[in-house]
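Report on one structure; see the data block that follows.
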Amino acid sequence: MALEIEEKMLLARAEDTVALCEKQNCIRHMGFLTPAEAELIRRNIGKSSVSTIFFGGYPDAERTLFVALPDYLEEESAKELVSVVEIRGREIEELRHPDFLGSLLGLGIRREKIGDILVLDERCLVFADPKIAEYIAENLTKVGRKGVSVKLASLDETEIPPRKTELICGTVSALRLDSVVAVAVRTSRSAAVSLLSEGRVFVNWTPEDSPSFKIKPGDVFSVRGFGRFRLGSELSETRKGRLGIRIEKMI
């Protein structure tokens, strides 16, 4: 598939990041990427003499930095590139992700400076560029119409609760995308094929419309209108030779 102009520009930035790391022998990085942007770089970036990782502040982060590391630095060094802001306030449970994002962007912050925004029961955690995190702590006083208190929190000491998931089990004849989607959204294979043809299915944040596409354990896939899923690594075989699969639906 031919790359779009925006995709070529993104890859050029990634290659420049690696080249600067090699030339200057110091850590270099790009701003927070969407999962689709990170996947594009992961698939297309060439080999180099430096290490490259994607880091968003915690293991399951969706928005991540693309980081190039010289050989004398460990991956732990990437922690200096991300800070976490903790937001609390009365009636904060009434606020949602768009409320927090809108208030942050309202401060004049570019989206690429902000990583994941985790809206939890009694607080919201914002992962951001360290300088931007300080700016948020100093300037954010309201989210929507709710007054809030803001402080910087330690990345190492911040507890991230596990993502809530729903387990879906089923059987397929093979790990074809149409079969797995049918199990995930509890529909027929023919209906799953229609979802694919309508452009509503993404695998690892990349559009996929081929019913016979081979999905792998660990892959993340989403179906617009139904949610996001992960195919589990545990496979079993039934007496009739079908594959038993476990799918996690993100809630």
Side-chain angles (χ1 to χ4, degrees), residues 29-39 53-67 76 78-168 184-185 200 202 204-205 220-230 247-251:
H29 72 283
M30 294 170 62
F32 288 98
L33 305 166
T34 67
E37 290 171 335
E39 184 65 20
I53 63 171
F54 294 87
F55 180 72
Y58 66 104
D60 292 327
E62 290 193 357
R63 285 184 172 264
T64 57
L65 304 172
F66 174 64
V67 184
E76 287 281 308
K79 288 184 176 181
E80 69 184 39
L81 304 175
V82 181
S83 292
V84 59
V85 179
E86 182 178 276
I87 304 173
R88 292 181 180 269
R90 295 178 59 186
E91 302 176 332
I92 198 170
E93 68 277 359
E94 297 179 10
L95 300 171
R96 298 292 178 263
H97 187 282
D99 300 315
F100 290 98
L101 179 58
S103 294
L104 292 169
L105 297 182
L107 294 175
I109 300 171
R110 300 202 309 273
R111 186 64 180 94
E112 67 177 26
K113 295 294 184 180
I114 304 171
D116 282 2
I117 300 172
L118 301 183
V119 183
L120 308 175
D121 291 338
E122 298 178 348
R123 57 184 175 144
C124 174
L125 300 177
V126 179
F127 295 83
D129 174 279
K131 291 183 179 179
I132 294 300
E134 292 180 6
Y135 179 77
I136 294 170
E138 294 172 357
N139 292 278
L140 185 67
T141 58
K142 284 187 176 182
V143 175
R145 296 183 178 181
K146 309 292 185 183
V148 296
S149 61
V150 184
K151 70 174 184 178
L152 295 177
S154 167
L155 196 63
D156 286 326
E157 296 176 1
T158 299
E159 294 185 9
I160 310 296
R163 185 187 295 273
K164 295 180 180 178
T165 60
E166 173 190 348
L167 182 62
I168 302 171
V185 305
R200 295 170 62 179
F202 298 76
N204 295 325
W205 295 277
V220 174
F221 64 100
S222 60
V223 184
R224 190 176 296 136
F226 293 90
R228 184 178 300 160
F229 309 83
R230 179 183 286 110
I247 298 171
E248 292 180 347
K249 180 179 181 180
M250 320 305 188
I251 300 176

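In this structure, CD1 on I87 lies 5.5 Å from CG on L104, to the nearest 0.5 angstrom. How far CG of L101 is from SG of C124: 10.0 Å, rounded to the nearest 0.5 Å. With rounding to the nearest 0.5 Å, the separation of CD1 in I114 from CD1 in I109 is 4.5 Å. Taking OG1 of T34 as the reference point, atom CH2 of W205 lies at 9.5 Å (rounded to 0.5 Å). With values rounded to the nearest 0.5 angstrom, E80 atom CD is found 11.5 Å from L155 atom CG. Taking CD1 of I247 as the reference point, atom CZ of F221 lies at 4.5 Å (rounded to 0.5 Å).
Although no hydrogens or angles enter the test, the distance criterion places no donor-acceptor pair under 3.5 Å between the side chain of D99 and the main chain of V143. Counting only distance, with no hydrogens or angles, the side chain of Y135 and the backbone of L107 share a donor-acceptor pair below 3.5 Å. No donor-acceptor pair under 3.5 Å is formed between the side chain of S83 and the backbone N or O of A128. One N or O on the side chain of D129 and one on the backbone of K131 form a donor-acceptor pair closer than 3.5 Å. With hydrogens and angles ignored, the 3.5 Å screen pairs no side-chain donor or acceptor of R230 with any backbone N or O of E248.
Residues I117 and H97 come closest through the heavy atom pair O-CD2, 3.3 Å. The two atoms that bring I53 and A78 nearest to each other are CD1-CB, 3.9 Å, heavy atoms only. Nearest heavy atom pair, residue D116 against residue A61, reads OD2-CA, 3.3 Å. Closest non-hydrogen pair, T158 versus A153, comes out as OG1-CB, 3.8 Å. Of all non-hydrogen atoms in K113 and I132, the two that sit nearest each other are CB-CG1, 3.8 Å. In terms of heavy-atom proximity, L125 sits nearest to R123 at CD2-NH1, 3.8 Å.
Residues F55 and V82 meet the side-chain proximity criterion, which asks for heavy atoms closer than 4.5 Å. The side-chain heavy atoms of I92 and F100, taken from C-beta on, include a pair separated by under 4.5 Å.
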*side-chain contact (heavy atoms from CB on, under 4.5 Å) between R145 and E91: does it pass, once the steps are laid out?*
CA-CA 10 Å; R145 296 183 178 181; E91 302 176 332; over 6 Å; no
*Test log, rule side-chain contact (heavy atoms from CB on, under 4.5 Å), inputs V84 and Y58*: CA-CA 10 Å; V84 59; Y58 66 104; over 6 Å; no
*asked:* Please determine whether side-chain contact (heavy atoms from CB on, under 4.5 Å) holds for the pair L152 and E134, giving the CA-CA distance in whole Å, both sets of side-chain angles, and the decisive distance to 0.1 Å.
replied: CA-CA 7 Å; L152 295 177; E134 292 180 6; 3.9 Å; yes
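Close placement of the F54 and F66 rings is indicated, their centers lying within 6.0 Å of each other. Side-chain rings of F127 and F32 stay apart, their centers remaining 6.0 Å or farther from each other.
The environment of CZ in R88 is crowded: more than 12 heavy-atom neighbours from other residues, nucleotides or ligands sit within 6.0 Å.
For the side chain to side chain contact (heavy atoms under 4.5 Å, CB included) with I251, the lone residue among E166, R228, R163 that qualifies is E166.
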